[in-house]
Number of protein chains: 2
Amino acid sequence: MTSSANIGYNLPGIDLKDPSTRRTAQLTKALGHPVRLAILKLLSERDTCFCGDFTEVLPLAQSTVSQHLKVLKESGLITGTSQGVRTCYCLDSSGIQELNQTLIGLAGMFDTSNLSDCC
Amino acid sequence: MTSSANIGYNLPGIDLKDPSTRRTAQLTKALGHPVRLAILKLLSERDTCFCGDFTEVLPLAQSTVSQHLKVLKESGLITGTSQGVRTCYCLDSSGIQELNQTLIGLAGMFDTSNLSDCC
DNA sequence: ATTTCTTATCGTAAAATTACGATAAATATA
DNA sequence: TATATTTATCGTAATTTTACGATAAGAAAT
């Protein structure tokens with residue numbers, strides 16, 4: 001009911017520069033590729049970091065995987081920590097929490113109960 | 001057979017060709033732009049279709065808005081129905097339901113309780 | 001029939017994404 | 001020290017996305 005409940009677009013005029021909107025777009029965009037979804041799923045299925053070789057799991061060049069990892073890192077969803085000659089990748093708990101809240105918020109935004117399908 | 005020979009498409013939980021993974025990527029990718037989030041937000045805030053002029057609400061050219069609407073339509077999230085000289089846009093209830101389930105599923109995928117932040 | 005209004009599509013350009021191989025940097029090991 | 005291993009980064013090419021103006025298609029009004 002408060003203005004914080006609906007994330008900021010009230011007619012007339014929509015603020016495309018709203019940081020929370022841009023952040024939501026960044027997070028969902030990061031999810032918007034099968035390879036990145038696969039990486040996140042792999043990490044989520046483990047109870048510890050993944051310090052193995054992603055190229056043994058994904059049919060892509062090492063540099064390509066590294067680019068996708070970079071996208072996920074820059075969006076705050078994973079961390080990469082050097083462990084000797086390897087790098088261990090984990091889900092970033094704070095970023096994942098933010099993502100979860102964002103996803104729940106988006107799901108709640110579309111209240112199917114009042115979808116009238118009027119047209 | 002080496003581990004890399006059978007890798008890529010049929011490891012447990014990771015199948016880049018999996019239609020549901022591709023669908024999830026398509027849906028989240030559709031959300032991954034501030035303008036499209038704004039359009040969806042605008043539609044979700046109404047209990048009826050929007051038959052007005054999007055260019056009065058969005059600081060973009062008409063053709064650009066039309067392109068974003070096309071992306072949302074092709075992803076199954078909205079419908080556009082001709083009403084005389086205008087087109088009325090609604091959330092697509094089945095697509096939105098699918099989206100909501102997908103978002104909830106993604107949020108549930110990342111169980112924060114076992115994020116150990118080990119690295 | 002003609003004009004007006006709305007919106008999709010076309011054509012185009014700039015920017016971003018995706019993918020790869022090659023290379024460099026960092027670390028472990030011989 | 002020298003060598004091997006791992007991963008980020010560079011350079012590049014192909015594709016996609018994003019945005020705009022111009023135009024076409026369709027419907028309503030004159």
Side-chain angles (χ1 to χ4, degrees), chain A residues 14 16-17 21-40 42-43 49-75 77-90 92 119, chain B residues 2-4 7-9 16-17 21-22 24-40 42-43 49-75 77-90 92 119:
Chain A
I14 288 177
L16 297 180
K17 298 289 196 296
T21 304
R22 299 175 71 89
R23 176 61 174 149
T24 298
Q26 183 188 31
L27 286 171
T28 51
K29 190 176 183 179
L31 299 183
H33 193 287
V35 169
R36 291 193 291 271
L37 285 175
I39 291 171
L40 290 174
L42 172 68
L43 295 181
C49 295
F50 179 76
C51 305
D53 188 354
F54 275 110
T55 63
E56 289 184 357
V57 188
L58 297 168
L60 293 168
Q62 179 267 327
S63 56
T64 302
V65 176
S66 189
Q67 275 186 329
H68 285 294
L69 291 170
K70 188 179 182 183
V71 172
L72 293 172
K73 269 188 281 188
E74 288 176 345
S75 62
L77 293 177
I78 70 171
T79 60
T81 307
S82 291
Q83 294 277 319
V85 73
R86 284 196 169 277
T87 303
C88 291
Y89 298 96
C90 310
D92 185 309
C119 298
Chain B
T2 66
S3 61
S4 61
I7 282 171
Y9 295 137
L16 298 182
K17 292 259 167 72
T21 302
R22 293 182 155 276
T24 298
Q26 183 188 30
L27 287 172
T28 51
K29 191 176 184 180
L31 299 183
H33 193 286
V35 169
R36 293 194 288 273
L37 286 175
I39 291 172
L40 292 174
L42 172 68
L43 296 181
C49 294
F50 179 75
C51 304
D53 188 354
F54 275 111
T55 62
E56 290 181 357
V57 188
L58 296 168
L60 293 167
Q62 179 267 325
S63 56
T64 302
V65 176
S66 189
Q67 274 188 330
H68 284 294
L69 291 170
K70 188 179 182 182
V71 171
L72 293 172
K73 270 188 280 189
E74 288 176 344
S75 64
L77 294 177
I78 69 172
T79 60
T81 307
S82 291
Q83 295 277 319
V85 72
R86 284 194 170 280
T87 303
C88 291
Y89 296 97
C90 311
D92 186 309
C119 299

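- Atom-to-atom, CD of Glu56(B) to P of dT6(C) comes out at 8 Å; the value is rounded to the nearest Å.
- For Gly84(A) and Gly32(A), each mapped to the nucleotide of DNA chain C holding its nearest heavy atom, the one lying further toward the 5' end belongs to Gly32(A).
- Distances shorter than 4.0 Å separate some side-chain N or O of Ser66(A) from OP1 or OP2 on dA8(D).
- In this entry the distance linking CD of Gln26(B) with P of dT16(D) reads 14 Å, nearest Å.
- Taking atom CD of residue Gln67(B) and atom P of nucleotide dA13(C), one finds them 15 Å apart after rounding to whole Å.
- Residues His68(B) and Ile39(B) meet the side-chain proximity criterion, which asks for heavy atoms closer than 4.5 Å.
- Separating the CZ atom of Arg36(B) from the P atom of dT18(D) is a distance of 5 Å, rounded to the nearest angstrom.
- Between Lys29(B) and dT16(D) there is no side-chain polar atom (N or O) within less than 4.0 angstrom of OP1 or OP2.
- Residue Leu69(B) contributes atom CG, which lies 13 Å from atom C1' of dT6(C) at whole-angstrom precision.
- With a 4.5 Å cut-off on side-chain heavy atoms, Leu72(B) and Ile78(B) count as touching.
- Computed from coordinates, the Leu16(B) CG to dT18(C) P distance equals 13 Å when rounded to whole Å.
- For His68(A), a side-chain nitrogen or oxygen approaches OP1 or OP2 of dA19(C) to under 4.0 Å.
- For Tyr89(A) and dT6(D), the shortest distance from a side-chain N or O to OP1 or OP2 is not below 4.0 Å.
- Contact annotation: Arg86(B) side-chain N/O to dG26(D) OP1/OP2 distance is not under 4.0 Å.
- For dA19(D), the OP1/OP2 oxygens have a side-chain nitrogen or oxygen of His33(B) closer than 4.0 Å.
- Each of Val71(A) and Lys73(B) was assigned the nucleotide of DNA chain C with the nearest heavy atom; the assignment lying further toward the 5' end belongs to Lys73(B).
- Among the protein residues, Thr87(A) comes within range of the sugar-phosphate backbone only, with heavy atoms under 4.0 Å from sugar or phosphate atoms but none that close to a base.
- The phosphate of dG21(D) (OP1 or OP2) has no side-chain N or O of Ser63(B) nearer than 4.0 angstrom.
- Cysteines Cys51(B) and Cys88(B) have SG atoms closer than 2.5 angstrom.
- Computed from coordinates, the Leu60(A) CG to dG21(C) C1' distance equals 14 Å when rounded to whole Å.
- Residues Lys29(A) and Lys29(B) have side chains not in contact (no heavy-atom distance under 4.5 Å, counting atoms from C-beta outward).
- The nearest whole Å value for the distance from the CD atom in Glu74(B) to the P atom in dT17(D) is 10 Å.
- With contacts defined as side-chain heavy-atom distances shorter than 4.5 Å, the pair Leu16(A)/Leu58(B) qualifies.
- Dashed line: the shortest gap from a side-chain N or O of Thr64(B) to OP1 or OP2 of dC20(D) is under 4.0 Å.
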